[in-house]
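Here the structure is laid out as structure tokens; the discussion comes afterwards.
Count residues from 1 along the sequence. Since this is a predicted model, take the numbers as computed values, not measurements.
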Amino acid sequence: MDINEMRKRAQQASEKAAEAMKKTFEKSEELVHNIKVPGSETEASPSAAEAEEQLRAGTERQVEILGQVFGADGMAQMAANEELLQKMVNEKVAEATASAEASATENLMGQLFGEDMGILAAALEMLETEDADEEEEPVWDLEREQNLYAALDEAMARLEALPEPEPVPYQKNDPKWERFGILLSGIVSTLNDHDLDSMDVEEHTPVMEQKIVSLVRRSWGINGRSELLDMIRYLAQEGYILRYQLYSEAPSPEERMDDTMDEDDRESTRRAWRFAQRYKSRYAPGFMAGWDIGRAAMLTRWGCYLGWLTESEAVGILWDLSQRVVKELHSWREFAQSYLFGGLMWKLLCGDSAAGSYLGYIADAATDLLAGKAEQDGGQWRDCPWPAQRKIGFAG
């Protein structure tokens, strides 16, 4: 599932995860309340053993749930913590039987679940996202397509009206290139509240690293360095620039079909062909550069965050991506419009019913990057002008 689609459901997923966590706490508190605080040395042994067994069973169930969500790779990372977690359970049960019931409840719940709450909440959020994916999609028709074309044109005009500084010359070794390369990931980063001040997208915590690796694997099918580099190379050299060109040049949608396609694939091809035919006289294939390069830049930063790329490698890749995009586009506004344009073609190919909302999210993110928000961070594009094109080499 694409991260942009995940964001729109984040609030609902978060609320449901919180409710699930509340129920988990209530069940755990019930276990603690069942622990008898001993009045003499002879009363402690049976209740403490029973409570330990109950808590051990609860812990094993949580591990089972996480295994279903994160898969073998995630569980391999978590296995090392299992022994420590069990030891912690044993210690806290012992403390509970040696202190007052209220104090035992607070300490046991806080320390037993404190470090793992984020992991479990993330697991529940991903489960909710998977459930949402299973909802039945509405039927596509030509009227819906026309409405999406109108929404695209409106969003394009909205971005065109935004103020933007004039492009400025960059020297070949100008440090501004590194900043510019990071900001090419600006739309996806803004939609996901990623940091745009450095190469790292987030702080390095186990929960956040697990979320990013899950995102890259589930949304892109990328499982490591080699596949990451292959995808970045594809986006930089072919991507939707080539796909849009092929659909534009095809005399009919059937030219882009083959015998392996089912009816859904054929209808997807027809939608993409109608899109390309509608806009080919207005936008050349190179106009797709923002859509391709923007996503390649985001993948580069994610790869660096996960340790699949060194920072120096990421800086070099972003520099190359920057050179490619400035040959095709001339401003941040045009870059954002390209992202809208490619995003709609992608949604048409996918048959995603949320295409209209997606365009709105992109336009809002681009507006924040150019204009900023009152009393909030923003305007990063405005503060880093687009590189002016050079016809003959670089100055200096």
Side-chain angles (χ1 to χ4, degrees), residues 1-7 66-79 122-123 125-126 129-130 133 178 181-182 184-189 191-192 194-195 198-202 204-244 246 258 260 265 268 272 288-325 339 342-343 345-347 349-350 352:
M1 183 176 186
D2 187 76
I3 186 63
N4 300 322
E5 294 303 312
M6 291 175 66
R7 186 176 185 273
L66 291 173
Q68 295 172 0
V69 176
F70 293 122
D73 291 340
M75 288 303 296
Q77 297 176 9
M78 295 166 61
E125 180 178 344
M126 284 190 286
T129 301
E130 290 172 353
D133 281 345
E178 182 174 346
I182 291 173
L184 289 175
S185 72
I187 289 178
V188 184
S189 294
L191 291 175
N192 290 282
H194 286 335
D195 182 27
S198 65
M199 187 67 73
D200 273 343
V201 296
E202 300 283 351
H204 282 274
T205 64
V207 172
M208 188 54 64
E209 289 173 359
Q210 181 60 55
K211 280 190 172 184
I212 298 298
V213 76
S214 176
L215 165 65
V216 175
R217 284 172 175 167
R218 294 175 68 237
S219 297
W220 287 88
I222 296 173
N223 295 290
R225 174 185 171 87
S226 178
E227 293 177 353
L228 176 76
L229 291 172
D230 286 344
M231 180 58 70
I232 293 172
R233 189 178 300 111
Y234 163 75
L235 292 173
Q237 297 178 358
E238 298 180 7
Y240 269 65
I241 288 180
L242 178 59
R243 182 171 292 191
Y244 176 68
L246 294 174
D258 58 53
T260 65
D265 292 334
S268 172
M288 281 287 187
W291 170 245
D292 287 334
I293 299 301
R295 293 180 299 148
M298 190 73 260
L299 285 173
T300 300
R301 294 186 67 208
W302 281 335
C304 183
Y305 177 79
L306 295 173
W308 296 349
L309 301 172
T310 66
E311 184 165 355
S312 61
E313 287 175 328
V315 169
I317 291 171
L318 290 178
W319 190 89
D320 184 62
L321 294 175
S322 298
Q323 309 315 303
R324 292 175 183 274
V325 77
Y339 209 96
M345 184 174 179
W346 171 56
K347 291 296 186 183
L349 280 164
C350 296
D352 193 333

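Put simply, CZ on Arg295 and CG on Leu299 are 8.0 Å apart, with the number rounded to the nearest 0.5 Å. Expressed to the nearest 0.5 Å, how far CD1 of Ile232 lies from CD1 of Ile293 amounts to 10.0 Å. To the nearest 0.5 angstrom, Thr300 atom OG1 is 8.5 Å from Leu229 atom CG. Atom OG of residue Ser214 and atom CD of residue Glu209 lie 13.5 Å apart, to the nearest 0.5 angstrom.
Every residue meeting the side chain to side chain contact (heavy atoms under 4.5 Å, CB included) condition with Asp195, not counting sequence neighbours, appears here in chain and number order: Asp197, Ser198. Ser189 meets the side chain to side chain contact (heavy atoms under 4.5 Å, CB included) test with Ser185, His194, Leu196, Met298, Arg301; sequence neighbours excluded.
Taking both residues in full, the closest heavy atoms of Asn192 and Glu202 are given as O-OE2, 4.1 Å, listed atom of the first, atom of the second, then distance. Residues Thr205 and Tyr305 approach most closely at N-OH, 4.1 Å, considering heavy atoms. When all heavy atoms of Ala272 and Leu349 are compared, the pair lying nearest together is CB-CD2, 3.5 Å. Nearest heavy-atom pair across Leu228 and Ile222 is N-CG2, 3.6 Å. Nearest heavy-atom pair, Ala297 versus Leu321, reported as atom, atom and distance to 0.1 Å: N-CD1, 3.8 Å. Taking both residues in full, the closest heavy atoms of Glu227 and Asn223 are given as OE1-N, 2.7 Å, listed atom of the first, atom of the second, then distance.
Looking at heavy atoms from C-beta onward, Met288 lies out of side-chain contact with Arg243 at the 4.5 angstrom threshold. Side chains of Val213 and Gln210 form a contact here, defined as non-hydrogen atoms less than 4.5 Å apart.
Looking at Glu313, its side chain never comes within 3.5 Å of a backbone N or O of Leu309 through a donor-acceptor pair. Side-chain atoms of Asp292 come within 3.5 Å of backbone atoms of Tyr240 as a donor-acceptor pair (strictly under, hydrogens ignored). Under the 3.5 Å distance criterion, the side-chain polar atoms of Ser219 are matched with a main-chain donor or acceptor of Leu215.
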